[in-house]
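Right, one structure below, let's go through it.
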Number of protein chains: 2
Amino acid sequence: MPTSLLEENDGTDASAKDVLSPDCPSRIVFGRIGERWTMFVILALEPGPMRFTALKARVGVITPKVLTETLRALEGDGLVSRRAFVESPPRVEYALTPLGRSLLEPIAAMRAWAEAHVPEVLESRDRALS
Amino acid sequence: MPTSLLEENDGTDASAKDVLSPDCPSRIVFGRIGERWTMFVILALEPGPMRFTALKARVGVITPKVLTETLRALEGDGLVSRRAFVESPPRVEYALTPLGRSLLEPIAAMRAWAEAHVPEVLESRDRALS
DNA sequence: GATACTGGTTACTTCAACGGAACCGATCTC
DNA sequence: GAGATCGGTTCCGTTGAAGTAACCAGTATC
């Protein structure tokens with residue numbers, strides 16, 4: 001059983017460390033999707049496999065360095081696959097794995113909430129400034 | 001209609017800026033929940049109103065400074081409310097607003113995915129290291 | 001009269017993400 | 001032989017979030 005997100009116990013030091021444990025599933029997931037470019041790359045790959053340059057164009061203003069970093073991280077997490085063809089000029093195709101594709105579902109739920117409620121959030125932010 | 005998360009157009013410069021627009025709803029939401037402590041605070045408040053010190057104890061190792069910053073940000077977004085009672089010693093109660101409470105739903109979806117699939121992610125990370 | 005509790009604030013430091021620009025080897029085109 | 005394409009890599013600098021530690025006023029308790 002994974003460690004819990006919050007302490008439900010008596011607050012001894014031993015378990016207090018679990019709160020921030022890198023093994024906490026929610027922390028892992030929210031940490032990854034909180035990174036600036038993760039969402040863009042995953043959503044850009046939704047239609048199907050794509051080459052590096054096409055991906056870069058689709059995401060928009062991302063630099064090649066950051067795109068590479070993001071892709072390596074997602075590959076390491078098993079969310080994205082990388083296929084390099086030995087040709088010249090080189091060709092590399094990135095695609096969502098089934099695991100990565102399954103993540104699209106909760107993302108969609110979060111996006112739906114965002115579309116529905118962000119106007120309220122922005123309104124609240126405006127009020128907070130005044 | 002809000003700006004889209006990705007470019008579906010011809011890639012002219014004018015619309016390219018919208019991709020990273022601070023008005024993009026998904027960016028706003030994922031930006032906020034990606035921040036390190038947001039999730040802990042929101043989930044800690046799920047049972048009901050809570051005082052600063054109790055909240056701090058429940059979240060675990062968070063410093064008062066960071067907790068204050070997080071609460072102020074959530075308050076500014078209209079997700080958390082703050083009620084100060086003029087007493088001594090001072091008493092302050094924080095609670096989820098209805099808007100904040102509505103966010104618990106997509107968060108639960110994401111947590112469910114996390115609980116179900118993070119073992120695969122960790123396994124993939126282990127493989128990537130070898 | 002000293003101590004602790006409450007809900008913070010302030011100043012300083014550290015660290016990782018992110019961005020900019022230049023560069024690479026191999027191949028194909030002009 | 002000059003330039004473009006592809007998929008990156010390398011170096012350097014900036015920035016903002018987070019952590020550490022000390023401190024505060026007012027009251028109640030010992």
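The chains referred to below are lettered A, B, ... by the order of the sequence lines, with proteins before strands, and numbering in each begins at 1.
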Rounded to whole Å, the CG-C1' distance (Leu74(B) to dA17(D)) equals 15 Å
Just how far, in rounded Å, is P of dG7(D) from CD of Glu69(A)?
18 Å
Assign each of Val66(A) and Thr53(B) to its nearest nucleotide of DNA chain C by heavy atoms, then name whichever residue's nucleotide is nearer the 5' end.
Thr53(B)
Euclidean distance, atom CG of residue Leu67(B) to atom P of dA18(D) [Å, nearest integer]
12 Å
Measure across Val61(B) and Trp37(B) and return the closest heavy-atom pair with its distance rounded to 0.1 Å.
CG2-CH2, 4.2 Å
What are the two closest non-hydrogen atoms of Ala114(A) and Pro119(A), and how far apart are they?
O-CD, 4.3 Å
Looking at Arg72(A), does any N or O in its side chain come under 4.0 Å of the phosphate oxygens OP1/OP2 on dG8(D)?
yes
Short side-chain N/O contact from Arg91(A) to OP1 or OP2 of dT5(D), under 4.0 Å:
no
Looking at Ala128(A) and Gly76(B), what are the two nearest heavy atoms and their distance?
CB-CA, 4.1 Å
Can you check whether any acceptor in the base of dG19(C) is under 3.5 Å from a donor in the side chain of Lys65(A), or vice versa?
yes
Please state whether the phosphate of dT6(C), meaning OP1 or OP2, lies under 4.0 angstrom from any side-chain nitrogen or oxygen of Arg51(B).
no
Quickly work out the Arg36(A) CZ to dA17(D) C1' distance and round it to whole Å.
14 Å
So, for Ile28(A) and Arg125(B), which heavy atoms are closest and what is the spacing to 0.1 Å?
CG2-NH2, 3.8 Å
Distance check: side-chain N/O of Arg83(B) vs OP1/OP2 of dG7(C), anything under 4.0 Å?
no
Roughly how many Å is it from CH2 in Trp37(B) to P in dA18(D), rounded to a whole number?
9 Å
Here the distance between atom C1' of dG8(C) and atom CG of Leu71(B), to the nearest Å, is 11 Å
Result for 5'-nearest mapping on DNA chain C, choosing between Pro64(A) and Glu35(A), is Glu35(A)
Need one value for Phe85(A): base, sugar-phosphate or nothing, where a base atom within 4.0 Å counts as base even if backbone is also close, heavy atoms only.
nothing
In whole angstrom, give the distance that lies between atom CZ of Phe52(B) and atom C1' of dC5(C).
13 Å
Taking CD from Glu87(A) and C1' from dA26(C), how many angstroms apart are they, rounded to a whole number?
13 Å
Between His117(A) and the options Val29(B), Asp77(B), Leu99(B), the side-chain contact (heavy atoms from CB on, under 4.5 Å) test singles out Leu99(B)
